[in-house]
Amino acid sequence: MSEVAEVAVFADEQIELLAASGWNTCESVREGLLRAGLPAPTAGYLKKAVPAARWERARRATEALREQFQEARFADEATFGVLLVPDPDKLDTRGAVDPAIRADQLGKPTPDVVDKSLPAGALPVGPGTDWTLVATITGPAGLHFGSYQDIRDEYDGKTFEVDDVDTRDLMVRQLWGARVLQSGRELPDCEEGGGWTFTLFPGEGLVGGRAVSGTVLHGKVRFRLGKPDRGIAVVRVCPALVIP
């Protein structure tokens, strides 16, 4: 298969997945996008708005991530693909969203739980573009590399470097918050999915000596702070690359 054909197949596969994601199939999420002034990322919209060259970069980035982390613990359970991150000036996914948006995800409008000590958070995807493509883990759980301290202090930087980017810097709340919305009713890091996990954000600094993480637990989306040396198997991370 030629490279052009491979890109076309990848684009078609990702567009189909995104069209069937929570952005479009959860009515409460879709209505939240419209209230925020964002276009719904339907198949028709994505085919028109995303040029072939960007799909090519997304395919290469996804393959590079998959190859780099193929030996990581739980790599066989991780799904790499394209995440859509909304313009943060219209819908900021670094923290709590309008509870109404969660209605179809959680069964009723439910406020997110955000630790009061948390600052605004890192913003690798800035404002100005309705939807930005990010290559990352799009499935229910990420990879295991131990605790926050392990990831930041014990590993050689090359472990996480892909295309000259330290992917640890992209492990942040903004991307996880978008992933939760994109996941629709099949929530990531959720105890109802058969295997509870939580996602660490090594791209965010410690807050009062505590590490930032996200999870869905007891029917609520939670942005939390916890021990930076907690390295049990449920602690996960999601390497990522922003697609320009």
Side-chain angles (χ1 to χ4, degrees), residues 1 3 6-7 9-11 13-14 17-18 55-85 122 124-125 133-180 182-183 186-191 193-206 211-216 226-244:
M1 185 184 297
E3 185 172 350
E6 289 179 356
V7 172
V9 169
F10 175 84
E13 289 176 345
Q14 293 301 312
L17 289 169
L18 292 168
W55 286 119
E56 179 180 7
R57 293 194 291 273
R59 181 182 70 89
R60 290 180 180 274
T62 302
E63 290 181 351
L65 287 169
R66 190 180 293 117
E67 180 178 356
Q68 177 75 8
F69 297 105
Q70 61 183 325
E71 300 299 328
R73 191 176 180 189
F74 302 120
D76 59 329
E77 301 174 13
T79 300
F80 285 92
V82 172
L83 172 69
L84 294 177
V85 179
V125 176
L133 273 60
V134 176
T136 187
I137 290 173
T138 54
L143 308 174
H144 177 72
F145 281 94
S147 70
Y148 181 101
Q149 290 179 346
D150 290 335
I151 293 165
R152 271 298 175 193
D153 301 332
E154 298 301 322
Y155 284 94
D156 185 297
K158 293 293 183 181
T159 300
F160 296 97
E161 187 175 298
V162 181
D163 292 343
D164 298 323
V165 174
D166 187 340
T167 61
R168 291 175 296 184
D169 295 337
L170 278 297
M171 299 175 184
V172 297
R173 278 179 279 160
Q174 184 188 31
L175 271 58
W176 184 79
R179 177 170 153 238
V180 172
Q182 182 167 301
S183 297
E186 298 180 1
L187 293 158
D189 296 314
C190 180
E191 85 276 19
W196 177 74
T197 55
F198 65 90
T199 296
L200 275 179
F201 306 127
E204 315 244 355
L206 294 177
V212 190
S213 66
T215 191
V216 184
K227 296 178 179 179
D229 60 351
R230 191 180 187 198
I232 57 178
V234 295
V235 180
R236 306 297 176 88
V237 291
C238 294
L241 293 171
V242 176
I243 311 304

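One-based numbering along the sequence shown.
- Relative to the six-membered ring of F145, R73 misses at least one condition, a distance below 6.0 Å or an angle of at most 45° to the axis.
- Distance check, rounded to the nearest 0.5 Å: CG of L84 to CG of L17 gives 11.0 Å.
- Side-chain contact between F69 and V162: present, with at least one pair of heavy atoms (C-beta onward) separated by less than 4.5 Å.
- Counting heavy atoms of neighbouring residues, nucleotides and ligands inside a 6.0 Å radius, atom CD of E67 does not exceed 12 of them.
- Within a 6.0 Å sphere centred on CD of E161, other residues, nucleotides and ligands contribute more than 12 heavy atoms.
- The minimum heavy-atom distance linking V172 with A122 is given by the pair CG1-CB, 3.7 Å.
- With salt bridges taken as basic N to acidic carboxylate O contacts below 4.0 Å, none links E63 and R66.
- Looking at every heavy atom in both residues, C238 comes nearest to I137 through SG-CB, 3.9 Å.
- The side-chain heavy atoms of R236 and F198, taken from C-beta on, include no pair separated by under 4.5 Å.
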Query raised in the report: Run the side chain to side chain donor-acceptor pair (under 3.5 Å) check on T215 and D189 step by step: do they pass?
Result: CA-CA 5 Å; T215 191; D189 296 314; 5.7 Å; no

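- Residues D166 and R168 are paired through a salt bridge, judged by an N-O separation under 4.0 Å between the basic side chain and the carboxylate.
- Counting only heavy atoms from C-beta outward, the side chains of I151 and L200 approach each other to under 4.5 Å.
- Partner P124 forms a side chain to side chain contact (heavy atoms under 4.5 Å, CB included) with one of D169, V134, L175, V85 and no other, that one being L175.
- Proximity of T199 to P188: side-chain heavy atoms (C-beta onward) are nowhere separated by under 4.5 Å.
- With D163 contributing its side chain and V165 its backbone, the two residues share no donor-acceptor pair below 3.5 Å.
- V125 places a side-chain heavy atom less than 4.5 Å from the side chain of Q174.
- Here the closest heavy-atom approach between residue S183 and residue R179 is recorded as OG-O, 2.7 Å.
- In this structure, H144 contributes its side chain and A72 its backbone to no donor-acceptor pair below 3.5 Å.
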